[in-house]
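The next block holds one structure in the form of structure tokens; read it before the comments.
Throughout, protein chains are lettered first and strands after them, A, B, ... in sequence-line order, and every chain is numbered starting at 1.
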Number of protein chains: 2
Amino acid sequence: MSPDRNRRPIPDATVSRLPVYLRILGEQRDLGVDSISSDRLAELGGVNAPKVRKDLSYLGSYGTRGVGYEVEYLIFQIQRELGLTHDWPVVIVGAGNLGQALAGYGGFGERGFPVAAIVDVDASKVGSVLGGTRVRPVDELPQIVRSKRINIGVVATPASAAQDAADRLVAAGVTSILNFAPIVLTVPAGIEVRKVDLAVELQILSYYEQRRTGGAAPTARARSASAS
Amino acid sequence: MSPDRNRRPIPDATVSRLPVYLRILGEQRDLGVDSISSDRLAELGGVNAPKVRKDLSYLGSYGTRGVGYEVEYLIFQIQRELGLTHDWPVVIVGAGNLGQALAGYGGFGERGFPVAAIVDVDASKVGSVLGGTRVRPVDELPQIVRSKRINIGVVATPASAAQDAADRLVAAGVTSILNFAPIVLTVPAGIEVRKVDLAVELQILSYYEQRRTGGAAPTARARSASAS
DNA sequence: CGAGCTTTGTGAACGCGTGCACGAGTGCCT
DNA sequence: AGGCACTCGTGCACGCGTTCACAAAGCTCG
């Protein structure tokens, strides 16, 4: 299991599906399933079977023809490829509504991303406890990142403060950022940024709704009275 | 009317970028800018200029050569295309950590998606007030959806309850679902579903971190991290 | 031990989206 | 009025990702 075996780059599209396979495999293992076919995995994952096989083939040939994939072993291989064999502690910047929710949301820790710290510029928020973690002043970011060996930061501030938050994270030594603020962050080369904009997802749904109904308004202020 | 005849379909990739342009245009308008070039819009949006022009060309030829795009008019055109000329009230299923956060998060309402209602199966959660909205029992979903003319539902339940939540939403008449639960929902044809899995985004970041460091662990049994 | 069924792994074709280059239209300045 | 600088709109080539089809490989059973 020497990591010096040169890894060819895995297509981005495949990387974004591997976590899905991983989750399904974990569920199946907990159900007592020890072998699974690409067909079944595709069904559970909402994709088609050839795509599953091609995706998994980027990891190596870990399946057995005529049988399928050994669940336990495949979990290990995907975890290894994704770097999930150990925890990645994260620091959340911004203890507002969203930051509080993310801290309280157990899903991060369960999947290997424990919330190691929360910071905020607002002194009035410092000291309160969210999801078992005390909010600390943003100035302590460098010490926190260094002492807890944090590589990933989460920006959960309002848009106006997001760039500053990102700058501070980068200065503190973070190399990957998950950005929930609706702006495009400017970061130095080599820093990986992913953006999640909740409103954008709704707007995309709106487009398909609008196309479906031909523009009929569900709560058109012009016609029906939508109080409150 | 036939909704698909008057408009050629816009590529999905373009649809997912239109909200980004829309947000930037709104900001620029608030700053007093009344005309913007594709170059500038691309810079602010983190894409390249030809892509901006191609995206906008799907809406029609609303630019002026030699000048750029009139901000106000372009905002209107994108809003019209995305169906954002009126509000789309949404209902949130699940008043747990995530549901509470989404209800309190003002970003939805600001962007035209007011939280019209929150429901939960847990009777102990019913009655509490989140973000100005009282939590109501899940059985009232059909009445809520009908009376408030809701087309979009948000699933913010644990994974185990997500499929049931989706079924109830569909039965109540919702035609689009934004799913935060980490499972693939099964819905009838014609129902649009978009999925946001917060942990998946972190796992993707983990992959790039892992590739960068060659698999060095940041917390557990780590050698010295690469301090570049 | 071989036939037949099952399932993986992958080369190749196809389609979509991106990036590029350039023609076309507009405003400004002399 | 004419030239020039600027920017949009778009045809085209390229590359990535998806899909398909099929050969290779393993298991089961008689």
Contact interval (first through last nucleotide) of DNA chain C with protein chain B, 4.0 Å heavy-atom = C:dG17 to C:dG27
For A:Val174, check side-chain contact (heavy atoms from CB on, under 4.5 Å) against everything at least two apart and list the hits.
-> A:Val145, A:Ile150, A:Leu169, A:Ile177
Kindly write out the residues that satisfy side-chain contact (heavy atoms from CB on, under 4.5 Å) with B:Ala117, not counting sequence neighbours, or none if the list is empty.
-> B:Val91, B:Ile144
With sequence neighbours excluded, tell me which residues meet side chain to side chain donor-acceptor pair (under 3.5 Å) with B:Tyr208.
-> A:Asp12
Just jot down the side chain to side chain donor-acceptor pair (under 3.5 Å) partners of A:Ser38, sequence neighbours excluded, or say none.
-> A:Arg53
If a pair satisfies side chain to side chain donor-acceptor pair (under 3.5 Å) and one of its residues is in residues 156-166 of chain A, list it, with sequence neighbours excluded.
-> A:Gln163-A:Asp167, A:Asp164-A:Arg168
Looking at residues at least two apart in the chain, or sitting in another chain, which of them share a side chain to side chain donor-acceptor pair (under 3.5 Å) with B:Asp197?
-> A:Arg111
Stretch residues 40-57 of chain A: residues that reach within less than 4.0 Å of DNA chain C through a heavy atom | A:Arg53, A:Lys54, A:Ser57
Using five base pairs at each end, measure the axis-to-axis angle across the helix from C:dC1-D:dG30 to C:dT30-D:dA1 and round it to 10 degrees.
-> 0°
So what does A:Asp39 hit on the nucleic acid, given a heavy-atom distance under 4.0 Å: a base, only sugar-phosphate, or nothing?
-> nothing
Sorted by chain and number, sequence neighbours left out, side chain to side chain donor-acceptor pair (under 3.5 Å) with A:Thr14 holds for A:Asp55
side-chain contact (heavy atoms from CB on, under 4.5 Å) filter on B:Tyr207, not counting sequence neighbours, yields A:Ile10, A:Val15, A:Glu81, A:Leu82, B:Arg211
Check every strand shown and say whether A:Tyr62 touches a base, only sugar-phosphate, or nothing at a heavy-atom separation below 4.0 Å.
-> sugar-phosphate
Detail all sub-3.5 Å separations between protein N/O atoms and N/O atoms belonging to nucleotides 27-30 of chain D.
none

